[in-house]
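Computed from a predicted structure; not experimentally measured.
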Amino acid sequence: MGKIQMKTPIVEMDGDEMTRVIWEQIKTRLLEPFIDLKTVYFDLGLPNREATGDQVTEDAANAVKEYGVGVKCATITPNAQRMEEYGLSQMWKSPNGTIRAILDGTVFRTPIMIDGISPAVRNWESPITIARHAYGDIYKAVEYRVETPGKAELVFTGDDGTENRQTIFQFEGPGVIQGQHNRDASIRSFARACFQYAVDRKQDLWFSTKDTISKVYDRDFKDIFEDVYLTEYQDKFEQLGLKYFYTLIDDAVARVIRSKGGFIWACKNYDGDVMSDMVSTAFGSLAMMTSVLVSPDGKYEYEAAHGTVTKHYYRYQQGETPSTNPVATLFAWTGALRKRGELDGIQELQDFADRLEKCTLDVIQEGTMTKDLAGLWEGKTAARTVSTDEFLAAILQRMN
């Protein structure tokens with residue numbers, strides 16, 4: 001049979017370390033033999049981000065706006081250690097944060113459940129989707145190190161020249177200051193994306209902030225969500241028998257642990273970052289979680305929810321064959337291919353994505369898996385721990 005033909009390219013964003021290695025293996029072994037793969041390629045690996053002054057990240061995000069669908073490999077957000085390791089001229093910001101800001105989207109992350117691995121929270125029966133606001137907060141914060149005594153102020157100067165000042169703190173010695181911001185327009189887009197996603201998935205929506213402490217900043221989120229629900233989505237929710245539920249973030253955590261799952265939990269940017277890791281780990285593994293960024297104008301960027309698996313990469317450089325779980329990276333590709341097929345009306349592309357995902361899960365459920373899952377395995381057949389290469393080979397054999 002001939003390869004499946006594509007009409008419109010997918011924006012491909014390569015990444016770093018072990019996930020970069022796996023990225024290439026997935027393309028050459030599981031995609032290109034079956035698809036006439038068309039991509040617009042951007043190298044978001046840290047060396048190329050350094051070489052381009054991180055312009056490549058902005059170019060990639062704008063390409064997603066142009067082509068409509070992108071797929072991204074995990075990338076490094078450098079700290080001081082990474083800056084020295086890679087000889088960087090500066091500590092470049094998170095590529096994900098840059099892309100999210102340009103697309104002004106919402107990140108939806110959902111665990112991949114399989115028979116044979118039970119969630120750590122014993123009463124969870126269905127996946128919990130984390131909806132993460134993808135703009136502002138600490139990811140766009142301005143920070144300052146205070147070295148001497150003095151007064152820190154929050155100052156807003158209007159375009160008309162009016163000025164508003166508020167004292168943050170009177171320092172008597174060294175300390176730190178951080179200034180965060182957000183935009184009503186972005187929060188409203190976030191709210192609409194969450195409500196629409198809940199309607200599409202036919203699931204209840206929870207939203208949580210800490211407005212009892214942050215009486216202006218977090219209260220703004222709460223009020224905008226309430227307004228969007230009442231004016232745009234209440235009738236739709238009631239017709240579908242869905243519920244919208246707001247509570248404080250600490251109360252939400254307690255309720256989530258006691259729940260049976262099966263709902264969407266909307267969180268502010270940092271809360272969503274942390275809670276998605278908690279949820280994915282409790283369901284099995286960080287490498288078993290899908291992640292898609294959805295913009296208000298219907299652009300999609302798929303990625304793995306985990307990092308670059310640095311320790312495995314160091315072992316790989318020494319000639320070892322690590323047992324790194326490639327499922328989340330693989331599902332990023334299948335998610336992008338399926339969406340490309342939907343938008344371009346190519347059913348064969350959608351069917352291929354479905355088949356590749358099923359073959360991947362079937363391999364695991366029959367007992368062949370990477371090391372991270374083997375320790376959690378409760379299936380009837382004994383777990384057979386394999387390397388990443390062997391795992392991908394097993395998927396390919398099943399595809400064939």
Is the terminal nitrogen or CZ of Lys236 (NZ for Lys, CZ for Arg) located under 6.0 angstrom from the six-membered ring centre of Tyr233 and within 45° of that ring's axis?
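So Lys236 does make the cation-pi contact.
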Using modelled atom types only, decide if a donor and an acceptor are shared between the side chain of [X] and the backbone of [Y] within a distance under 3.5 Å.
X: Ser323; Y: Lys371; result: yes
X: Thr281; Y: Met278; result: no
X: Lys7; Y: Asp344; result: yes

Between [X] and [Y], what is the shortest heavy-atom contact and its length?
X: Thr75; Y: Gly15; value: CG2-CA, 3.8 Å
X: Met18; Y: Val309; value: CB-O, 3.5 Å
X: Gln180; Y: Ala141; value: CG-CB, 4.2 Å
X: Gly241; Y: Asp204; value: O-OD1, 4.4 Å
X: Ser259; Y: Ile128; value: OG-CD1, 4.3 Å
X: Leu88; Y: Pro78; value: CD1-CB, 3.6 Å

May I ask you to check whether [X] and [Y] show a side-chain donor-acceptor distance below 3.5 Å?
X: Asp372; Y: Thr370; answer: yes
X: His133; Y: Ser186; answer: yes
X: Trp265; Y: Ser208; answer: yes
X: Asp16; Y: Tyr86; answer: no
X: Gln196; Y: Asp200; answer: yes

Parallel, tilted or perpendicular, as decided by the 30° and 60° cut-offs, for the rings of Tyr300 and Tyr302:
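Rings of Tyr302 and Tyr300: parallel, as their planes differ by under 30°.
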Check the orientation of Tyr313 and Tyr316. Use parallel for under 30°, tilted for 30 to 60°, and perpendicular for over 60°.
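Ring orientation, 0 to 90° scale: parallel.
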Quick check: do Leu31 and Phe352 have side-chain heavy atoms less than 4.5 Å from each other?
yes
Is the shortest distance from a Lys or Arg side-chain nitrogen in [X] or [Y] to a carboxylate oxygen in the other one below 4.0 Å?
X: Arg82; Y: Glu50; result: no
X: Glu301; Y: Lys299; result: no
X: Asp137; Y: Arg132; result: no
X: Asp218; Y: Lys222; result: no
X: Asp251; Y: Arg255; result: yes
X: Lys65; Y: Asp297; result: no

Taking side-chain contact (heavy atoms from CB on, under 4.5 Å) as the definition, give me every residue that meets it alongside Met113, ordered by chain and number, with sequence neighbours left out.
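Expected list: Pro119, Pro127, Phe283.
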With a 6.0 Å cut-off on ring centres, are Tyr244 and Phe237 close enough?
no
In this structure, is the centre-to-centre distance between the rings of Phe190 and Phe225 below 6.0 Å?
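They qualify: ring centres under 6.0 Å apart.
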Could you state the interatomic distance from [atom1] ([X]) to [atom2] ([Y]), rounded to the nearest 0.5 Å?
X: Phe391; Y: Ile364; atom1: CZ; atom2: CD1; result: 4.0 Å
X: Ile10; Y: Leu37; atom1: CD1; atom2: CG; result: 6.5 Å
X: Arg219; Y: Ile224; atom1: CZ; atom2: CD1; result: 11.5 Å

Who clusters with Tyr135? Use side-chain heavy atoms, under 4.5 angstrom, across I, L, V, M, F, W and Y, and order the result by chain and number.
none
Going by the side-chain hydrogen bond (donor to acceptor under 3.5 Å, both in side chains) test, name the single residue among Asn96, Thr329, Asp14 that passes it with Lys72.
Asn96
For a salt bridge (Lys or Arg N to Asp or Glu O under 4.0 Å) check, start with the C-alpha distance between Arg188 and Asp227, then their side-chain angles and the critical distance, and finish with the verdict.
CA-CA 9 Å; Arg188 193 168 295 275; Asp227 180 63; 2.9 Å; yes
